Amino acid sequence: MNTGSDRETNESAAGAAAGSTPDAQTTPDVPAAPAAEAAAEETPHVSKAPDFVKARRGLHLSWQVGVFVVGLAVIGAGVAMLVLPGPGWVAIFAGLAIWATEFAWAHLVLRWTKRKVTEAAQKALDPKVRRRNLILTGAGLVIAGALIGFYLWKYGLVLPWDIKDQ
């Protein structure tokens, strides 16, 4: 008698053929990738240039050169801001995002970077890692305070370049 549950019989037959139950085939430890990320991996990279630009090869090539130059300028400014005041890493990622609009390799690098930053942020929220970071920060502050205290005890409030030989 057909009860309309062909799916159940097919699953149990597939599990028996594989030598395991359907529950043994699932892996709960591995998180499923979001649907948007899986879809992005399957679709090829497409240029974000307007259609009239993509229609002409020379114009599209000059568009890509322009995008590359603008992205390079933003990344260069970001690298400079790593040592100068300013949001250096934000500018570097913004330049990479500009490149990702036209170049597939930049799109892959940006996706990899986003994944690694997300993993690092989740790892930083781990209580053991937070505790370790707080202990190391506290120890560093104690050492810095001791060095500053020793300097003030030895020389007072005198700048290093004004110290006379003693």
Side-chain angles (χ1 to χ4, degrees), residues 27-166:
T27 55
D29 297 335
V30 179
E37 186 175 323
E41 289 179 9
E42 293 174 6
T43 59
H45 180 73
V46 179
S47 173
K48 303 284 192 278
D51 289 334
F52 74 93
V53 171
K54 288 190 275 188
R56 294 167 184 84
R57 182 167 170 74
L59 191 57
H60 191 238
L61 184 61
S62 62
W63 176 273
Q64 287 182 329
V65 168
V67 167
F68 183 80
V69 169
V70 169
L72 186 64
V74 172
I75 288 176
V79 169
M81 284 189 275
L82 289 176
V83 294
L84 299 172
W89 286 111
V90 173
I92 290 171
F93 293 137
L96 194 58
I98 290 170
W99 277 348
T101 62
E102 285 300 313
F103 305 108
W105 60 267
H107 187 73
L108 293 173
V109 169
L110 187 64
R111 189 180 326 143
W112 178 84
T113 304
K114 284 180 184 179
R115 187 173 61 246
K116 291 297 179 181
V117 167
T118 303
E119 289 173 7
Q122 289 177 351
K123 188 183 237 184
L125 293 176
D126 182 26
K128 291 179 182 179
V129 173
R130 288 187 70 221
R131 189 177 313 117
R132 183 200 64 203
N133 289 345
L134 287 173
I135 290 170
L136 289 174
T137 301
L141 289 174
V142 167
I143 292 170
L147 291 173
I148 290 170
F150 175 74
Y151 178 84
L152 292 175
W153 172 74
K154 180 80 171 163
Y155 302 107
L157 285 173
V158 180
L159 297 175
W161 48 85
D162 291 335
I163 297 176
K164 306 288 186 253
D165 287 336
Q166 296 179 5

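Computed from a prediction, not measured in an experiment: that's the story for all the values here.
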Counterpart residues, ring-ring contact (aromatic ring centres under 6.0 Å, His included), relative to Trp112 (two or more places apart): none
Show me the side-chain donor-acceptor pairs of residues 58-72 shorter than 3.5 Å, one per line, residues at least two apart or across chains.
{"from": "His60", "atom 1": "NE2", "to": "Ser47", "atom 2": "OG", "distance (Å)": "3.2"}
{"from": "Ser62", "atom 1": "OG", "to": "Gly58", "atom 2": "O", "distance (Å)": "3.3"}
{"from": "Ser62", "atom 1": "OG", "to": "Leu59", "atom 2": "O", "distance (Å)": "2.8"}
{"from": "Trp63", "atom 1": "NE1", "to": "Glu102", "atom 2": "OE2", "distance (Å)": "3.1"}

For Leu96, which residues count as a side-chain contact (heavy atoms from CB on, under 4.5 Å) partner, sequence neighbours excluded? Trp99, Ala106, Val109, Leu110, Thr113
Which residue pairs satisfy the salt bridge (Lys or Arg N to Asp or Glu O under 4.0 Å) criterion with at least one member in residues 118-136, sequence neighbours excluded? Lys116-Glu119
Closest approach of Met81 to Gly88 (non-hydrogen atoms, all atoms of both residues): CB-CA, 3.6 Å
Please name the pair of heavy atoms, one in Val74 and one in Ile98, separated by the smallest distance, quoted to 0.1 Å. CG2-CD1, 4.0 Å
So does Trp153 have more than 12 non-hydrogen atoms from other groups sitting under 6.0 Å from CH2? no
